[in-house]
Each structure stands twice: as structure tokens, then as C-alpha cells.
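Please read the structure below before turning to the comments.
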Amino acid sequence: MKNHEIARIFQVIAEYLEMEGVRFKPYAYQKAALTLENLKDSVEDIYNQGGLKGLKAIPGVGESIAQKIEEYLNTGKIEYYEEFRRKLPIDLDALIAVEGMGPKKAKMLFEKLGITNLTELEEAARSHKIAPLKGFGDKTEANIIEGIEFVKKSTGRFLLGEVLPLADRVLATLRALPEVQRADVAGSLRRMKETIGDLDFLAISSQPEKVMDFFVSQPEVVKVYGRGQTKSSVRLRQGVDMDLRVIPPGSYGAALQYFSGSKEHNIALRQIAIDKDYKLNEYGLFEGDRMIAGATEEEVYAKLGLPWIPPELREDRGEIQAAQAGTLPTLIRLEDIRGDLHVHSAWDGGVNSIAEIAQAAMALGYEYVGISDHTQFLRIEHGLDEKQLRQRNREIDALNEKLRRAGKHFTVLKGCEANIMNDGSIDITDEVLAELDYVIAGIHSTFRMPRVEMMARLRTAMNNPHVDIIAHPTGRILKKREEYEVAVGELLKIARETGTILEINSYPERLDLGDSNILAAKRTGVKMIINTDAHHIDQLRYLPYGIAQARRGWAEKDDIVNAWGLKKFLEFMKPGR
DNA sequence: GCCGTTTTCGGCCCGACTGTTTTCAGTCG
């Protein structure tokens with residue numbers, strides 16, 4: 001799909017415009033980029049069927065942007081963008097990925113020091129060339145160095161949400177090949193880790209040659225590292241490396257186990273094999289020279305005296321002991337989820353109407369959906385004030401009435417994503433909060449607060465009898481920003497004491513709480529909720545990423561409040577309303 | 001550059017914070 005390519009270009013155009021200090025236009029390009037990113041249909045199809053007029057029907061796309069899409073579809077480039085790149089030939093994306101660096105600073109550093117990329121930025125910062133510049137200083141320079149270090153730590157890894165759709169596509173194509181009897185994804189992707197280094201595929205095939213031919217000649221391959229009988233490695237245009245191994249059927253389970261990892265889990269498993277005088281490797285489980293298991297994972301685990309362990313648990317975090325004791329958790333599944341409670345509507349600048357959201361949620365088989373628009377503090381997100389919240393509530397009431405009359409067993413809940421101010425207070429009056437079905441509260445400003453103050457802030461918010469759920473509790477942004485100063489142990493204790501639910505946010509950059517915090521929450525007896533934070537109905541499909549985190553954190557149905565029916569869910573909300 | 005149940009022009013993207021300054025520019029949500 002060209003949608004993503006064009007969205008990316010629009011995003012960079014927005015940054016270039018920002019750089020030049022142009023007002024409002026960046027917003028228009030950003031909005032168009034967001035819409036394209038989430039569009040279900042390909043712009044090629046839309047253009048082929050409806051021409052320029054069809055493109056202009058896309059929200060946020062007008063005359064000028066439609067023409068640029070047309071230009072890209074016809075020529076593969078957009079001259080407006082190329083012009084910017086000639087004028088300011090810098091790796092803008094990489095530079096502003098550094099926390100604290102924005103388009104303006106990037107421009108300044110290019111003009112004064114000729115900095116075009118991360119390496120040059122780091123060199124300049126380390127040799128103290130940046131601090132003396134007007135508008136910069138020692139702290140900015142130190143922050144840049146810190147930011148670069150964080151970015152470097154996470155380079156080479158991709159978000160689960162970035163690579164999973166890609167891997168699914170490759171896997172589906174592999175499985176469709178007549179020469180392939182079986183194919184699976186292994187590695188950290190199978191374990192659904194939040195970030196992925198590279199993709200490992202395994203296959204059984206009677207004609208490995210043909211499978212390898214296919215693998216190395218996929219349209220997105222830009223580099224072939226190697227092509228052999230049993231293993232090939234390639235790099236895709238998206239920057240991801242992929243391996244494919246063809247495995248003999250008798251070893252397939254052992255190989256799947258071995259290449260799924262984690263390394264720590266495998267070491268522990270091999271130790272069990274050694275204790276039984278066996279040997280375990282990627283070819284099978286051996287007693288002396290005799291293979292006693294290998295075709296399936298189940299038989300490998302069984303011969304080691306263990307039930308099959310779900311890949312998400314394979315981190316040597318106690319899953320082997322639990323398996324031995326027969327106490328493995330029954331992990332939460334996508335099918336268990338009854339509703340999504342963190343969804344933004346057009347009321348706060350999201351894309352879709354509440355009716356559209358309800359429709360989409362029903363199509364996903366949900367029993368309820370909660371609208372959680374931003375509140376007034378977040379002006380940029382068009383946060384609602386009390387009056388607007390009430391207006392919106394009336395719309396929801398009317399919609400519920402309509403659904404009821406149509407005989408639908410579906411409920412739209414009235415919520416909000418309120419802001420936790422620096423002192424822990426909420427930016428909406430108690431009176432209006434009490435009129436909602438539930439309240440999510442989150443921190444959206446002043447992240448660099450010292451730990452003691454941050455915890456006091458959170459404690460105050462969680463003690464508020466109207467605050468039911470804390471959104472993205474640690475504030476981390478994967479590959480971009482560390483957690484804010486949260487003492488997770490203390491947070492969990494307060495959550496338990498106050499009956500506050502902690503969110504598992506499914507947004508691919510967040511996945512917050514993360515897996516180990518989820519496990520800690522479960523052990524503390526804190527309830528959680530898996531939400532998408534969707535700003536567009538297509539983002540309701542982010543939920544599996546949150547489910548994956550929850551599964552990695554050992555969560556079961558009982559731990560997750562939106563796996564409960566509506567009545568039980570509502571009864572669990574605080575009695576402050 | 002987009003958009004319209006007040007508008008085809010004039011709004012939209014505001015407010016807090018940080019780090020730099022001595023009144024403000026840049027960044028972030």
C-alpha cells in the first residue's frame with residue numbers, strides 16, 4: 001500500500017513547514033498523514049475508481065493534497081517535498097526523534113554547524129559546539145546527548161505494531177505456496193515482545209529451493225544477505241531483517257521451540273533435559289543418539305515433564321516452575337474482551353462520530369464501548385469542558401435509546417480521559433465527573449517531576465472517588481521516552497488500596513503498563529483494563545497488542561475488568577457516582 | 001491547506017514547561 005509511504009512524506013512535509021515557521025499548514029499535512037495512515041482502502045484504488053474527486057472525499061484531503069497524492073501515484077515522487085529536501089538536506093526524522101529536538105532546533109543546527117544527521121549531532125554535542133550557540137546552552141547540550149543515547153539504545157528494534165502486520169503478510173504468502181506444508185513465525189515476534197529485532201520464519205517444504213527463491217525475490221526485499229538450501233536472510237525496504245529456515249518435519253517442533261526462545265527460557269529447558277540425561281537442541285530431544293521428540297513442541301515439552309507453555313510466557317520468569325507445578329495461568333484471550341473503554345470521538349478532535357464508533361465496536365463483537373474524550377486542559381486535543389461533556393453525554397443517551405429501540409444489546413458508556421494536574425487534582429468538576437459512567441485520568445504534562453512529587457500527584461488522583469482508571473500509568477513512549485518518575489511498587493499499592501484500575505494501553509508506542517509491571521500488578525491484586533486509546537475506528541484493532549502485553553504479564557480473565565460483562569464492570573467502578 | 005447545521009473567508013494550534021534569557025523561543029501533549 002502506498003498509503004503509508006505518502007503519509008510519511010506528508011508527515012515530513014509538516015515538519016519542514018514547522019521548521020519554516022509556517023502556521024496552520026503543518027497541522028493540515030499532519031492531519032492528512034494521520035488519515036492516510038489509518039485508511040482501510042488504498043489510495044491507489046480510491047484514485048483509480050474516483051480520480052481526484054475520490055481523493056478529495058477523504059477527510060483532511062483537499063485540492064492541494066489530492067494533487068500531491070495524484071503526483072505520487074503517477075511519478076513516485078512529490079516535487080514539493082523534493083524541493084524541501086534540496087533546500088534543507090537533513091535527516092529530519094532522525095534528528096527530531098531525539099527528545100527535546102524539534103524542527104526549529106534542527107534547522108538552526110544545520111545552518112550554524114551543518115548538522116545533517118544523528119552522528120554529526122552527537123559529535124557536535126560531545127565536543128561542546130552546541131552549548132555556545134544562541135538559544136542553546138549547557139543543559140540543552142546535555143539533554144541532546146542523553147536523548148541520543150536513548151534513541152541509539154532502541155535503534156535496530158521495531159515496534160511490535162510496526163512489524164506484526166508485515167510478518168502476517170509474509171506468513172500468509174508463505175503458507176499459500178504449494179511447496180510449503182507448514183510455516184510459522186518464531187523469535188521474539190512469536191513471544192509478542194513489545195519491540196522486535198528481526199523476523200524469523202520456519203517452514204516445512206518438500207522443495208526448499210522454490211521456497212527460498214520466493215523468499216529472496218519478494219518485492220520488498222532490498223538486500224539478500226544469503227541464500228542457501230536451508231536458510232536465507234534478507235533485508236526489507238522497511239529496514240527489517242528476515243530469516244527463513246526450512247526444517248525437516250521430524251525436527252520442526254524442536255526448531256520452533258529453539259528459535260522462539262527466549263534464550264533464558266531455552267537455557268532453563270536444556271538444564272531440565274540435562275538433569276534427565278537428555279540433550280535438547282534445535283534438531284530434537286535426544287537420549288544418547290536416539291531422538292525421542294522433535295516433530296511438535298508439545299512432545300518436546302511433554303518428554304521434559306511439562307505441559308506446552310504459551311510463547312508469551314517463555315522468559316524464564318517462573319513459567320517453568322509453574323508448568324512443573326501445574327499452575328500455569330489461563331491467559332486472557334482477545335475473544336474474552338467485552339468492550340473498549342478508551343476511545344476518542346470527533347468531539348475531542350478524533351475522527352469518528354460516536355455512532356460510527358458504536359457501529360465499529362459492535363462489528364468487533366463487543367457488548368459495550370466507552371467514549372473517553374480528552375478534557376479541557378488538553379486544548380491541543382480539543383479537550384472538552386463541562387458544558388461540552390454534558391452535550392456529548394446527551395448525544396450518547398440518545399444513541400443508546402436508539403440502539404435499545406432497534407433491539408441491539410449494546411451500550412455506549414460515558415467516560416472521559418481527564419487530566420491529572422500537577423497537584424493531583426482533576427480538570428473537571430466533581431459534579432460533572434459524577435454524571436459519567438466511568439472516569440479515566442492520565443498525566444499529559446510535567447513529566448520530569450521528581451519521584452516524590454509525582455507519587456504524591458498520583459496518590460491524590462487515585463484517592464479521588466471519581467477516578468476509576470489511570471491511563472498509560474508510566475508514561476513511557478517506546479523508542480522515544482523513558483517512563484516518568486513512577487515508583488511502580490508504590491503505585492500498585494495505592495491502586496489496590498483505592499480500588500483504582502490501571503490501564504494496559506494497546507497503542508503500539510505505549511504498551512503501558514508493560515509486561516513485567518502487569519505481572520507485578522497481578523501479584524499485588526490490582527485489576528487492569530486493556531484499552532486501545534483509539535483516535536480512529538481502525539485503531540480499535542490495536543487491542544491485540546495490549547492483549548499480547550497482558551498475556552506476557554500472566555494476566556487472566558479475572559484480572560482484566562473489560563473481560564467482564566457490563567453489569568459486573570459497572571459495579572466495580574468507584575461508588576463516588 | 002482544510003473546512004462549513006453560524007462561515008466559501010477566516011478560523012484552526014492552546015498552555016505549560018524548560019532552558020534560555022531578562023521577556024521569550026522551542027518543544028510537547
Side-chain angles (χ1 to χ4, degrees), chain A residues 9-11 13-36 52 55-69 78 80-81 92 95-109 130-147 344 346 348-351 353 373-385 391 395 417-423 425 427 441-450 453-454 457 471-472 475-477 480-482 484 505 507 509-510 512 533 535:
Chain A
I9 292 175
F10 285 167
Q11 184 60 47
I13 288 178
E15 279 147 11
Y16 273 119
L17 288 165
E18 196 94 47
M19 225 171 180
E20 309 232 297
V22 180
R23 305 238 309 148
F24 306 118
K25 275 198 206 180
Y27 181 64
Y29 276 98
Q30 244 163 33
K31 189 125 188 167
L34 181 77
T35 314
L36 285 188
L52 261 183
L55 293 175
K56 278 167 70 177
I58 302 169
V61 175
E63 185 66 38
S64 172
I65 287 185
Q67 278 173 13
K68 290 185 176 71
I69 296 174
I78 295 173
Y80 185 59
Y81 167 66
L92 194 52
L95 291 175
I96 65 174
V98 176
E99 174 89 344
M101 281 282 296
K104 299 270 171 65
K105 281 186 182 157
K107 183 180 189 210
M108 175 91 127
L109 290 175
I130 291 177
L133 294 179
K134 191 174 162 63
F136 292 79
D138 286 339
K139 280 198 176 161
T140 304
E141 192 172 76
N143 283 342
I144 288 174
I145 291 172
E146 200 181 306
H344 296 275
D348 77 354
V351 178
S353 70
D373 295 309
H374 284 294
T375 50
Q376 55 191 343
F377 172 83
L378 276 188
R379 305 301 306 186
I380 182 94
E381 301 277 9
H382 308 94
L384 310 188
D385 59 22
Q391 277 173 1
E395 183 182 321
E417 183 184 7
N419 190 60
I420 302 175
M421 310 300 284
N422 290 0
D423 62 359
S425 63
D427 63 336
I443 287 178
H444 300 96
S445 60
T446 324
F447 301 109
R448 281 179 180 237
M449 203 175 246
E453 284 171 49
M454 186 61 98
R457 179 183 184 184
H472 37 74
R476 73 170 181 181
I477 302 291
K480 173 99 182 180
R481 187 178 75 203
E482 300 272 16
Y484 40 62
N505 189 296
Y507 224 74
E509 292 84 11
R510 288 196 183 270
D512 179 10
D533 206 347
H535 288 65

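Chain naming here is simple, since letters A, B, ... match the order of the sequence lines and numbering starts at 1 in each.
Every residue was checked against the salt bridge (Lys or Arg N to Asp or Glu O under 4.0 Å) condition with Lys139(A), not counting sequence neighbours, and none meets it. In this view, Glu20(A) and Lys87(A) satisfy the salt bridge (Lys or Arg N to Asp or Glu O under 4.0 Å) rule, not counting sequence neighbours. Looking at residues two or more places apart in sequence or on another chain, you find no ring-ring contact (aromatic ring centres under 6.0 Å, His included) involving Phe24(A). With sequence neighbours left out, the salt bridge (Lys or Arg N to Asp or Glu O under 4.0 Å) criterion links Arg476(A) to Glu194(A).
With salt bridges taken as basic N to acidic carboxylate O contacts below 4.0 Å, none links Glu18(A) and Lys104(A).
Comparing the C1' positions of dC17(B) and dT23(B) gives a spacing of 16 Å, expressed to the nearest Å. Spacing between dC12(B) and dT7(B) at atom C1', rounded to whole Å, works out to 13 Å. To the nearest whole angstrom, the two C1' atoms, one in dC13(B) and one in dG26(B), are 15 Å apart. The same atom, C1', is picked in dA25(B) and in dT20(B); the two are 8 Å apart, to the nearest Å. Using C1' as the reference atom, dC28(B) and dT22(B) are 24 Å apart when rounded to the nearest Å. Rounded to whole Å, the separation between the P atoms of dC14(B) and dC9(B) comes to 23 Å. Comparing the C1' positions of dG11(B) and dT6(B) gives a spacing of 13 Å, expressed to the nearest Å.
Side-chain N/O atoms of Asn505(A) and Asp533(A) include a donor and acceptor closer than 3.5 Å.
Atom C1' of nucleotide dC2(B) and atom NE2 of His382(A) are separated by 12 Å, given to the nearest angstrom. Across the protein-nucleic acid pair, His374(A) atom NE2 and dC14(B) atom P stand 16 Å apart, rounded to whole Å. In this structure, the CG atom of Asp427(A) is 17 Å from the P atom of dC14(B), given to the nearest Å. For the pair Glu63(A) CD and dG4(B) P, the interatomic distance rounds to 16 Å; values are reported in whole Å. Between the CD atom of Gln391(A) and the P atom of dT5(B) there is a distance of 15 Å, given to the nearest Å. Rounded to an integer number of Å, the gap from CD of Glu18(A) to P of dG1(B) is 15 Å.
Contact annotation: the side chain of Ile144(A) never approaches that of Lys105(A) to less than 4.5 Å [non-hydrogen atoms, C-beta and beyond]. With contacts defined as side-chain heavy-atom distances shorter than 4.5 Å, the pair His472(A)/Glu417(A) qualifies.
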Heavy-atom protein contacts under 4.0 Å, nucleotides 17-29 of chain B, coded B base, S sugar-phosphate only, - none: S-SS-----SSSB
Under 4.0 Å protein heavy-atom contacts per nucleotide of nucleotides 6-11 of chain B, with B for base, S for backbone only and - for none: ------
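We find that the ring of Phe24(A) and the base of dC12(B) stack, their centres lying under 5.5 angstrom apart and their planes tilted less than 30°.
With Asp348(A) contributing its side chain and His374(A) its backbone, the two residues share a donor-acceptor pair below 3.5 Å.
At the heavy-atom level, Lys56(A) lies nowhere under 4.0 Å from the strands shown.
One finds no side-chain N or O of Lys25(A) lying less than 4.0 angstrom from the OP1 or OP2 phosphate oxygen of dC12(B). Note on Tyr27(A): every side-chain N or O is 4.0 Å or more away from OP1 and OP2 of dC12(B).
Closest approach of Leu95(A) and Ala106(A) over heavy atoms only: CD1-CB, 4.3 Å.
If you check dT8(B) for Watson-Crick or wobble pairing at under 3.5 angstrom, you find it has no partner at all.
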